[in-house]
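Chain letters run A, B, ... following the sequence lines, proteins first and then strands; every chain starts at 1.
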Amino acid sequence: MPLSLIIEQALNGLQLGVTLFLMASGLTLVFGVMGLINLAHGSLYMVGAFVTAWVSASVGSFWIGLGAGIMAAAAVGALVEVAVIRRLYARDHLDQVLATFALILIFSEGTRWLFGSQPLWLDVPDLLSGAVTLPGGSPYPVFRLAIIAMGALVALGLYLMISRTRLGMRIRAGEADREMIGALGVDIATLYTLVFALGAALAGLAGAMVGALQSVQVGMGEPVLILAFVVIVIGGIGSVKGALIGAILVGVTDTMGRILLPSAFGLFMDASSATAVGSALASMLIYLLMALVLALKPQGLFPVHARA
Amino acid sequence: DTKIGMITTLSGGGSHLGIDVRDGFMLAIAQSGRTDIEVMIEDDARKPDVAKTISDKFVQRDNVDILTGIIWSNLAMAVVPSVTRGGTFYISPNAGPSPLAGAMCNENYFNVAWQNNDLHAAMGAYMKDAGVEKPFILAPNYPAGTDALTGFKSTFGEPEREIFTQLGQTDYAAEIAQIRASGADSVFFFLPGGMGISFMKQYAASGVDLPVYGPAFSFDEVILGAVGDAALGVFNTSQWAYDLDNPTNAAFVESFRAEYGRTPTLYASQGFDTANLILSALEVAEPSDADAFRAALEAANFDSVRGDFAFNSNHHPVQDILVRQVVAGDGKPTNQLVGVAVEDHRDAYAAECNM
Amino acid sequence: MRGREGWINGALAAALLIVPLALHLAGEVYYVNLASRVVIVALAAVGLNLALGYGGMVSFGHAAFFGIGGYVAGISAHHAILGTSFLGLSTTTEMPLIWLISVLLAGVVALAIGAISLRTKGVYFIMITLAFAQMLYYFAISFPAYGGEDGLPIYVRNTFPGLNTFDPITFYGICVVALFACLFLTARIMGSRFGAALDMAHLSETRLATAGIAPFNIRLTAFVISAMMTALAGALFADLNGFVSPSMMSWHRSGEIMVIVILGGVGRLWGPVAGAIAFVLLETFLGGLTERWGLFLGLILLGTVLFARGGIMGLIAGKARHD
Amino acid sequence: MTEVLRITGLAKSFGALKATDDVSLTLNAGEIHALIGPNGAGKSTLIGQIAGWIVPDAGTITLEGADITGLSVAARAKAGLGRTFQVSTLAMDRTARQNVRIAAQARAGSSFRFWGQVAQDQGLRDAVDQVLGDVQMLDQADTPIAELSHGARRRVEVACALALEPKLLLLDEPMAGLGQDGTQEMTALLARLKSRIPILLVEHDMDAVFALAGRISVLVNGAVIASGPPDVIRTDPAVRTAYLGED
Amino acid sequence: MLSVQGIEASYGAAQALFGVDLTIEAGQAHALMGRNGMGKTTTIRAICGLTPAQKGDITFQGRKIAHLPSHKIARAGIGLVPEGRRCFATLTVRENLIATARPGAWDVATVSKLFPRLEERAGQMAATLSGGEQQMLAIGRALMTNPALLILDEATEGLAPTIRAEIWAALRALKADGQSLLIVDKTLKEILPVADACTILERGRSVWSGPPDALTDDLTTRYIGV
Ligand SMILES: Nc1ncnc2c1ncn2[C@@H]1O[C@H](COP(=O)(O)OP(=O)(O)OP(=O)(O)O)[C@@H](O)[C@H]1O
Ligand SMILES: Nc1ncnc2c1ncn2[C@@H]1O[C@H](COP(=O)(O)OP(=O)(O)OP(=O)(O)O)[C@@H](O)[C@H]1O
Ligand SMILES: CC(C)C[C@H](N)C(=O)O
Ligand SMILES: [Mg+2]
Ligand SMILES: [Mg+2]
């Protein structure tokens with residue numbers, strides 16, 4: 001297997017990882033820090049992608065579309081938080097599962113209603129289209145590099161926000177004891193709405209970027225959502241650092257597994273079965289990874305909750 | 001009254017196929033002027049279990065006479081055998097998995113489109129003639145994908161490298177990396193619907209510049225519209241082209257454009273032919289008289305948009321396979337008929353079928 | 001079982017006995033099968049309810065057990081039809097044997113999954129059970145011999161000695177007996193010493209351990225029993241549909257079983273039955289009324305969580321009583 | 001005097017902090033042995049190690065001569081270790097009876113019985129009534145814990161521990177949160193119990209400690225700095241500076 | 001400074017307060033007394049907006065606060081040391097202190113001086129603190145909001161005698177600086193010397209109010225149980 005292929009795949013893995021991170025970071029805020037299981041996070045990803053695609057197509061500018069997509073996701077996130085999620089913080093996880101499952105149904109069908117059942121296609125902006133030649137000599141798509149760079153920035157910003165600022169402390173405090181933080185003078189309800197909207201905006205951003213790369217369709221958020229859950233569980237729920245490392249681990253494992261395993265099985269099987277077994281094993285790989293991590297460290301790689 | 005149940009894909013990345021089959025089908029029904037035919041349509045979302053549930057409902061609750069509409073072979077494999085064994089007619093406007101053409105064929109099963117291998121086999125032959133030596137070939141891992149590569153190899157011989165992708169996959173970075181590293185001289189891919197769009201867009205952005213080939217499924221008008229100029233100049237094989245010169249076709253293309261405001265794809269033509277086949281048989285017999293109706297279907301006594309059309313012994317078409325090229329069109333690229341690849345093609349499985 | 005909840009449970013039982021019979025007499029094959037579907041889904045949820053409702057173990061991976069049951073039925077039928085053997089063993093089409101194998105196999109798998117997963121708590125448990133289910137899901141996808149992603153059709157329904165399982169109402173009868181048996185079993189278990197311990201494992205693990213009962217063993221046992229019931233439902237489901245596919249194990253399915261339990265009322269004996277009836281009927285009839293049924297189903301579910309705490313049972317029978 | 005519990009050389013560190021530093025002590029039949037010391041001295045950590053929640057770094061714990069250092073929490077409870085918690089661990093929406101019954105059921109044998117119905121088990125019922133009577137909670141036996149007052153909950157906790165028929169009790173701040181009258185009631189209850197069941201008592205309420213304890217050990221920074229009868233401890237200068245203060 | 005008039009409050013269907021009156025003058029320490037379960041904590045929760053009063057009025061520094069959300073009440077200048085400590089378990093000691101701090105005389109340095117123990121444990125997760133350490137943290141946290149009125153609900157519970165003595169000394173010092181206090185504590189002999197006024201609750205009603213020296217033995221045996 002040539003080195004250039006390994007490098008390119010490693011970059012692909014990184015890009016997948018970063019995309020997952022954008023989803024996972026929002027989830028880890030909502031799930032880990034605010035203590036809410038939000039199955040509908042994938043819907044916000046979808047909203048971001050659809051609005052970006054739609055606005056880009058009508059206005060003719062990807063960048064305006066992207067801005068609109070992110071803002072729409074944030075706005076929808078804020079709306080959902082105020083209308084539904086807010087009532088669920090005090091409930092147990094089961095009610096949250098049911099309510100956000102219902103939100104998935106509503107969002108999927110609503111999106112279908114507004115935008116139709118067919119996928120929308122979004123073009124990569126001219127500025128980021130085409131490929132650049134990497135130092136090693138092989139070309140690589142600019143857009144994927146841009147995604148990697150953007151993810152790194154978001155990761156840094158979030159990490160600083162959560163671990164270094166009072167805002168971050170207050171959010172975490174709110175999870176530990178929501179009533180108490182209020183009694184000490186913090187308007188936790190508004191704060192949570194903002195955090196939720198921020199998580200939604202990040203999901204929308206991820207959706208728009210991936211949408212431009214792949215396609216924009218109803219249900220696009222669900223596979224990513226599950227992977228994002230895997231990511232934050234591996235990383236340690238509530239830890240932004242954990243989300244980043246978990247995301248990259250999952251992205252690279254998945255991408256590398258997807259080419260290495262089929263070719264490994266290809267050595268002693270026919271192509272069709274090798275792909276089937278290899279790629280399915282590759283998809284199992286990340287879950288194996290997760291089970292392994294949890295079996296050894298039941299709180300993930302970077303546990304934040306050292307509860308008594 | 002005749003009840004027809006249509007199970008097809010109307011949502012998700014495979015939806016434009018189902019939509020065109022449906023629209024082509026309904027256009028023919030409308031043109032027939034018959035009001036005694038009830039067509040019930042449901043979306044299978046390209047999920048086998050959903051398709052199975054819908055077929056149970058059509059058969060058990062609605063007592064349909066004829067089922068049709070399935071786009072994807074994996075769904076067809078889940079639904080068709082039990083339906084046809086139960087005595088209901090199934091007329092396929094698209095999916096043509098090899099088992100149903102061969103060992104598992106059934107007297108109540110007809111395919112109006114093609115057997116899955118056909119277009120790929122024709123492209124294999126074409127590429128061999130064109131002097132391609134080391135193609136990298138890929139298709140989704142499901143019955144039609146396996147058929148596609150089998151068909152290709154049956155005429156081309158061994159490719160440089162073959163890989164299978166996942167059905168419904170949207171990210172092809174890993175495949176493109178492997179293409180880049182493979183040392184192949186060309187790419188043949190079978191990626192229908194949204195898969196083709198994603199692949200072509202990512203391929204164009206990747207900086208890999210090997211020529212690509214494929215069946216018409218990878219280059220239908222919807223895909224071309226979404227990928228833009230990246231596909232210009234590409235050759236592909238099809239059993240039909242909108243610029244195919246015969247009066248039935250000219251009338252079909254014109255009326256389809258008038259009705260739906262777009263150029264039909266091959267899927268629309270298949271839906272249109274399927275409906276016309278059924279209509280032609282209904283002229284002769286009722287589905288309740290199964291033997292007579294079957295005989296009427298076998299006669300294939302209708303004007304196909306493909307010109308000559310006849311059924312082989314396994315109820316699959318005998319037809320010409322054409323070659324088309326992607327050219328710049330009016331605003332977006334389109335396909336242009338450039339020649340015939342194989343005349344009166346018959347699929348490879350008829351011999352295995354005894355009904 | 002006393003008071004209003006008792007009446008509601010009785011009404012549900014009566015409906016399950018009478019309505020399908022009436023549909024059968026009216027010749028509505030499709031609706032009799034729909035009733036079987038309701039009952040089977042309810043059975044899967046009754047299984048989950050033991051772990052989730054009574055034991056507080058929020059398993060997001062019960063579809064794995066549902067799928068195991070399904071695949072045992074499917075693979076048996078597959079080999080029986082082709083006349084081939086499974087790893088040298090001849091297979092069967094007798095339902096009782098298939099059920100036994102399904103239930104045992106699911107039990108063994110649940111023992112392994114539970115032994116690892118129960119080391120974790122809360123959301124980690126939710127996610128690790130999901131992970132194991134996803135593993136099995138992808139395993140099913142990867143195994144081309146049994147249809148892989150495309151699934152495995154069962155062209156001929158499995159048999160039951162002395163009964164004609166093809167007859168929809170007979171098959172319904174089998175399903176409903178299985179459901180009632182599992183409900184009775186659940187009631188017995190929850191009234192027993194084991195049930196009391198499980199209840200405490202849910203409410204106060206510390207209390208249980210302090211009393212000298214290891215919570216882990218209690219939980220694991222309940223998890224295994226719960227998986228077994230769900231597997232039985234899976235085996236019946238495969239025969240009802242005549243088709244098994246990895247989607248039986250998907251996270252969507254796990255979510256759906258969970259939603260049914262929550263919708264019906266967590267930790268209420270007949271909650272899952274109420275949930276299954278409501279969910280399947282809503283899905284079917286909203287689907288008949290409008291193409292946008294998903295939207296309305298979503299709104300109804302949302303309304304239930306926000307305004308009816310404790311699900312349907314909570315809404316009509318009030319708070320659960322424990323005695 | 002028979003020795004019920006013996007701790008030898010117990011040690012536990014959290015990072016650089018020695019929470020338990022080579023602690024040895026004993027508990028004899030019929031006595032209340034009080035463990036006092038400043039906040040963060042390591043009292044709860046010590047109780048946690050005895051009960052099995054925290055694994056010690058070194059040292060052994062023996063119960064009536066048998067080494068229990070390696071046993072799990074549940075196994076120790078079965079072996080005869082009863083305890084209450086600083087923060088209530090009762091199941092809030094179950095009744096006092098149901099909470100106590102779990103302990104009685106564990107005492108009465110395996111909980112892996114799936115068929116017989118506990119509600120109908122007369123033996124269990126009698127055992128539960130017996131201990132609820134001991135703590136004077138019979139009249140509120142069927143009230144959910146959530147509706148009980150703080151003091152009543154404390155008594156139910158003690159009943160749970162008693163239902164185990166333990167060889168000894170570990171009590172971590174049983175008076176915390178009780179009003180003055182509650183404290184008095186609890187003091188009376190413990191005084192009644194001590195002849196039957198010896199108690200290792202952690203408590204900051206000095207009135208109660210001096211009223212009840214036969215022996216007092218003082219823990220400071222994880223180590224025992226003094227141990228002896230109340231009168232000696234009360235006047236020990238080191239104890240006064242570290243803990244009691246001047247009064 | 002604070003005036004509570006005839007408030008009633010419930011937990012769900014269960015009413016806990018049936019009419020509580022309470023007045024605190026600026027710069028004074030007010031003791032709220034009564035047996036277990038008589039409504040002391042509930043009164044405090046009502047003042048802080050955690051269990052809003054359904055009837056009655058609460059006026060703080062001339063402003064009606066009965067229907068404000070809790071964070072607004074806190075910002076109006078009420079600081080709470082809650083029953084049961086309720087430190088933010090997943091935050092470190094230092095983070096607990098600064099997360100909700102507001103500018104004023106109390107800052108990390110002054111709180112550390114009051115509780116040196118907290119400084120030693122600054123980087124430790126609050127969940128792993130000992131019971132008494134958590135209690136100190138809860139007091140420090142409330143002080144850091146620099147409230148006009150500091151409410152302490154059983155703030156010395158579980159503290160060693162030496163520390164309690166220090167806390168009472170600190171409270172006396174605070175009062176000397178003009179800090180208003182509302183104190184619930186079970187040890188009469190410690191609270192009475194600090195208090196300027198007392199209110200006794202009995203079954204959710206205020207039944208007696210007056211200066212500590214007017215508190216007769218008869219009253220204490222009847223309502224407090226000594
Ligand atoms: N998991 C842990 N990690 C780090 N430090 C810990 C941990 N658990 C306890 N400690 C520290 O160990 C010391 C002893 O704690 P412990 O709870 O045993 O004290 P204690 O004597 O019970 O005090 P109190 O009377 O205040 O309850 C404390 O300083 C505490 O902060
Ligand atoms: N969360 C709750 N739900 C229902 N009832 C409650 C709740 N909290 C307290 N109560 C009830 O309200 C009444 C007043 O309780 P409150 O906690 O105010 O008493 P208190 O005077 O602070 O007692 P203590 O000295 O034990 O702290 C009690 O009867 C109590 O049982
Ligand atoms: C051509 C494709 C759209 C469908 C394929 N022939 C199948 O049977 O699945
Ligand atoms: Mg302690
Ligand atoms: Mg109180």
Side-chain angles (χ1 to χ4, degrees), chain A residues 31-32 35 37 39 83-84 87-88 91-110 112-113 117 222 225-226 229-230 232-234 236-237 272-273 276-295 297-300 305 307, chain C residues 52-53 56 58 60 113 115-117 119-128 130-145 148-149 246 250-252 255-256 258-263 266 291-307 309-311:
Chain A
F31 186 31
I37 295 201
L39 295 181
V84 178
R87 298 157 206 260
L88 299 174
R91 307 277 195 93
D92 64 6
H93 289 318
L94 293 177
D95 284 353
Q96 299 170 355
V97 166
L98 180 55
T100 55
F101 186 88
L103 284 176
I104 295 185
L105 292 175
I106 295 172
F107 272 110
S108 296
E109 203 51 60
R112 219 169 263 148
W113 205 340
S117 307
E222 291 171 19
L225 174 80
I226 294 293
F229 271 121
V230 170
I232 62 175
V233 169
I234 288 181
I237 296 169
S272 161
S273 328
V277 177
S279 56
L281 258 181
S283 341
M284 280 173 77
L285 211 57
I286 51 176
Y287 297 101
L288 275 169
L289 177 75
M290 167 168 162
L292 196 74
V293 167
L294 288 191
K297 299 197 73 175
Q299 304 256 298
H305 292 208
R307 287 236 176 86
Chain C
L52 178 148
V58 184
F60 204 159
I113 293 182
I116 298 175
S117 307
R119 287 166 40 88
T120 66
K121 294 226 163 61
V123 285
Y124 289 94
F125 180 80
I126 302 181
M127 289 301 144
I128 195 170
L130 172 71
F132 278 111
Q134 290 287 92
M135 271 185 236
L136 287 177
Y137 171 75
Y138 284 111
F139 181 74
I141 283 188
S142 75
F143 219 70
E149 188 168 6
S250 68
W251 75 271
H252 260 276
E256 210 172 281
M258 204 152 127
V259 161
I260 285 169
V261 174
I262 307 168
L263 177 67
V266 172
E291 220 181 296
R292 307 269 168 233
W293 63 273
L295 186 62
F296 296 101
L297 181 60
L299 288 172
I300 291 173
L301 292 180
L302 195 60
T304 316
V305 213
L306 292 183
F307 304 112
R309 298 187 76 163

Taking all non-hydrogen atoms of both residues into account, name the closest pair between [X] and [Y] and its distance.
X: A:G110; Y: C:L295; result: N-CD1, 4.3 Å
X: A:A102; Y: C:L302; result: CB-N, 3.7 Å
X: A:H93; Y: C:V123; result: NE2-CG1, 3.4 Å
X: C:F132; Y: A:A291; result: CZ-CB, 3.7 Å
X: A:A295; Y: C:R119; result: O-NH2, 2.5 Å
X: C:L306; Y: A:R87; result: CD2-CD, 3.7 Å

What part of [X] gets closer than 4.5 Å to chain A, counting heavy atoms only: side chain, backbone, both or neither?
X: C:V266; result: side chain
X: C:M258; result: side chain
X: C:I128; result: both
X: C:I126; result: side chain
X: C:Y124; result: both

Do A:V230 and C:Q134 come within less than 4.5 Å of each other through their side chains, counting heavy atoms only?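 A side-chain contact is absent here, since even the closest heavy-atom pair is not under 4.5 Å.
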Heavy-atom distance under 4.5 Å to chain C: side chain of [X], backbone, both or neither?
X: A:L94; value: both
X: A:L88; value: side chain
X: A:L103; value: side chain
X: A:I226; value: side chain
X: A:V293; value: neither
X: A:V233; value: both

Quick one: pull up [atom1] in [X] and [atom2] in [Y] and give me the separation to the nearest 0.5 Å.
X: C:M127; Y: A:L294; atom1: CE; atom2: CG; result: 10.5 Å
X: A:I106; Y: C:L299; atom1: CD1; atom2: CG; result: 4.0 Å
X: C:L130; Y: A:F229; atom1: CG; atom2: CZ; result: 8.5 Å
X: A:L105; Y: C:W293; atom1: CG; atom2: CH2; result: 7.0 Å

What option among C:T120, C:L263, C:L297, C:T304 has the most heavy-atom pairs under 4.5 Å with chain A?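 Looking at each option in turn, the highest pair count goes to C:T120.
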I need the residue from C:H252, C:R309, C:E256, C:K121 with the largest number of non-hydrogen atom pairs under 4.5 Å to chain A.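 Winner by heavy-atom pair count: C:R309.
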Which residues pass the side chain to side chain donor-acceptor pair (under 3.5 Å) test with C:E149, sequence neighbours left out?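 Not a single residue meets the side chain to side chain donor-acceptor pair (under 3.5 Å) criterion with C:E149.
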With a 4.5 Å cut-off on heavy-atom pairs, point out which of A:R112, A:M284, A:E222 contacts chain C the most.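 Answer, by heavy-atom pair count under 4.5 Å with chain C: A:M284.
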May I have the step-by-step check of side chain to side chain contact (heavy atoms under 4.5 Å, CB included) for A:L39 and C:F60, ending in yes or no? CA-CA 12 Å; A:L39 295 181; C:F60 204 159; 4.0 Å; yes
Once ring pair (Phe, Tyr, Trp, His ring centres under 6.0 Å) is applied, do any residues pair with C:F139, and if so which ones, sequence neighbours excluded?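 Partners of C:F139 under the ring pair (Phe, Tyr, Trp, His ring centres under 6.0 Å) test: C:F143.
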